[in-house]
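Remarks on the structure that follows.
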Amino acid sequence: MARAELTPMVAANLLDYDEVCRTFSWDAATSELDLPGGRWNIAHEAVDRHVGAGRGHQTAMRWLPRRGESEDITYSELADRMARFVGVLQGLGYPSGARVATVLGRIPELYVGVLGALKAGGVVAPLFAAFGPEPLRQRLALGSFEVLLTTPLNYERKIMPIRPDVPSLRYVLLVGEDVDEDERAGVLDVRRLMAEATPVVTTAATGPEDPALLHFTSGTTGTPKAALHVHQAVLAHHITGSLVLDLHPGDRFWCTADPGWVTGTSYGIVSPLTNAVTSIIDEADFEVDRWYRTLQDERIDVWYTAPTALRMLMRIGAEVASGYDLSNLRLVASVGEPLNPEVVRWAHATFGVPILDNWWQTETGGIMVANFRAVPVKAGSMGMPVPGIEVAVVGADADTGEVDVDERGEPIEGADAGATGQLAIRSGWPSMFRAYLGNEERYRRCFVGSWYLSGDLVHRDADGYLWFVGRSDDVIKSAGHLIGPFEVESVLIEHPAVAEAAVYGLPNPVAGDIVAAQVVLADGHRDDEALRSDIVAFARRRLGTVAAPRELTVTAALPKTRSGKIMRRLLRARALGLPEGDLSTLETST
Ligand code: ATP
Ligand code: MG
């Protein structure tokens, strides 16, 4: 049966991109939120407003535990659990919210804790549960967290040893069976507290500029930064969920990112709920059959995932996918790294829908540049600015990297279509970060005139599509040419023997830099001299001699951040015998 017959077509939320861009304003978009009494609170917009509007019976989350039966939580139940968590915080002596961190896997308590802390008016940071004690110490101390939600095992192994270094931490609320409480140390059983708490249904009277979420960057460039976001961000979360991810009330939506990363919070917690969908939450990590089974059995309508996962699925092959019925999928979106054209083509053929790449950062809080359902996809392009977002491609001094500015101190936009420059965003969008905690100076340096500088290089084609070239630190200057690693990597993975590739520059006395590559081979291929030469020759034919790798090595796996991004700078450091640096070290001014 043809796909269209299986999936009744749902009209896209954004039908005419140009028209929506012309008429869109963030002020007018606030009418899509509830904002009772002019108050802004993410948790209210995500949960309570739906209960007030009579949608409380709808399933907000379907939780898939690692093993065993799934659990459905309605919007009403979520609202009740949130209210109880506010009661818990008040009972502990925080009448207007606390600074709350979580170190939990993807279990319901994580979502209740984050939303409850927001409802209470506090600031919350969901920390990645696989971090060891040192990265946790740094993050907890930097944010002066007062309450931590975690498991007994995490507490014992990772928090107890560092607790003396985090004097702000008064309470550790443990999630688990048979929790050993220690009142003097503030170690309490959160399930007991929740059961005994008086629910507080009133939401804190937070305003648009009140701090809400603290997110740490991935640390791809070696130094994670702590980006602070405010309640107003919910407007961007909501609108982008609607216009880019095309969420419709009642959709079944799966965001595979962990809430320890910004994607897993903005689009794994907030946006799906404000858009009244059913969010599928899988406790388990990536596993090919489980993922295909989840797409099929949960009848996922909209799937938001990452290039690293798509590349892994591609590596396993389309035959595995053909064993599953994926016909329900209406939209697949990707973020986090450039999405190679080869992957776009493979995924389109495999899933039956185009893969919509989109671009944003921890600092931007929400999607800034995207492909849309109603706009043709150009494989390899990250798309066009989201309505309400103004971008510029700005030039920089070739030697210093300083952005060129005019007499008013505003960056100068690259005049020509196709010119590579830094992606800048007109500051002031709702989900813009408001600080790098502990590093004001670095925050100030991100802004030039009225623009935020992203640190990523792009070019814009004549149709207005943006193409990612590379991070400004990662681009390779070779024999007078600027080479973006992404372009070279994308060609390399088109070679049938190459599953993944990372490209970086190595200093060379003549050329400035030469292009070096490390590749992971696809299943069934063996590393030998002939294969390596063949891959290099293939790249030369496609890219020419300047951009093709001069050095190519085969490796079993590429180094990646915890959030799954290739760390090109680490490969370069290793190749040069430089110190790798402590990649968990936070960047602060102190
Ligand atoms: P750090 O700032 O600590 O070095 P990071 O930049 O990887 O880490 P994130 O904020 O998680 O931390 O990632 C944002 C970056 O990811 C972007 O600046 C960009 O370089 C890359 N990125 C995200 N989405 C895309 C995309 N669709 N195409 C290309 N690059 C992307
Ligand atoms: Mg970054």
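Whatever order the structure lists them in is the order used to number ligands and atoms, beginning at 1.
Contact annotation for K565 and ligand 1: only side-chain heavy atoms (C-beta onward) come within less than 4.0 Å of the ligand. Contacts between W359 and ligand 1, counted as non-hydrogen atom pairs separated by less than 4.0 Å, involve both the backbone and the side chain. The backbone and the side chain of T362 each have at least one atom closer than 4.0 Å to an atom of ligand 1 (non-hydrogen atoms only).
When P338, A306, S218, A257 are checked for heavy-atom proximity to atom 28 (N) of ligand 1, P338 turns out nearest.
Residue T220 has at least one nitrogen or oxygen atom sitting less than 3.5 Å from a nitrogen or oxygen atom of ligand 1, judged on distance alone. Looking at F468 next to ligand 1, no N or O pair under 3.5 Å apart turns up. Every N/O-N/O distance between M382 and ligand 1 stays at or above 3.5 Å. For ligand 1, the polar-atom distance check against S334 finds no nitrogen or oxygen pair separated by under 3.5 Å.
Not less than 6.0 angstrom separates the ring centroid of F216 from the ring centroid of F128.
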Next item on the list: Would you please test S271 and H237 for side chain to side chain donor-acceptor pair (under 3.5 Å) and show each step?
Entry: CA-CA 5 Å; S271 181; H237 298 152; over 6 Å; no
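Inspection of the Y267 and T240 side chains reveals an N or O donor paired with an N or O acceptor under 3.5 Å. With 3.5 Å as the limit, one finds a donor-acceptor pair spanning the side chains of E363 and Y436. In the model, S218 has a side-chain atom that pairs as donor or acceptor with a side-chain atom of S563 under 3.5 Å. Side-chain contact check for R568 and Q518: no donor-acceptor pair (N or O, by modelled atom type) lies under 3.5 Å. At a cut-off of 3.5 Å, with distance as the only test, no side-chain donor of W40 or D210 sits close to an acceptor on the other residue. Counting only N and O atoms by type, the side chains of T308 and K565 include no donor and acceptor under 3.5 Å apart.
Using a 4.0 angstrom heavy-atom cutoff, G336 counts as in contact with ligand 1. G219 counts as a contact of ligand 1, since one of its heavy atoms falls under 4.0 Å from the ligand. Residue contacts with ligand 1: W261 is excluded, as none of its non-hydrogen atoms falls under 4.0 Å.
For ligand 1, the atoms lying closer than 4.0 Å to a non-hydrogen atom of N358 are 24 (N), 26 (C), 27 (N). Every atom of ligand 1 with a heavy atom of R471 under 4.0 Å away is listed here by number and element: 4 (O), 5 (P), 6 (O), 7 (O), 15 (C), 16 (O), 20 (O), 21 (C). Residue-ligand proximity, D456 to ligand 1, at heavy-atom distances under 4.0 Å covers atoms 17 (C), 18 (O), 19 (C), 20 (O). The distance from ligand 1 to the heavy atoms of V335 drops below 4.0 Å at these ligand atoms: 24 (N).
Across V377 and I355, no two heavy atoms sit closer than the pair CG1-O, 4.3 Å.
Between V391 and Y452, the closest side-chain pair of non-hydrogen atoms is not below 4.5 Å.
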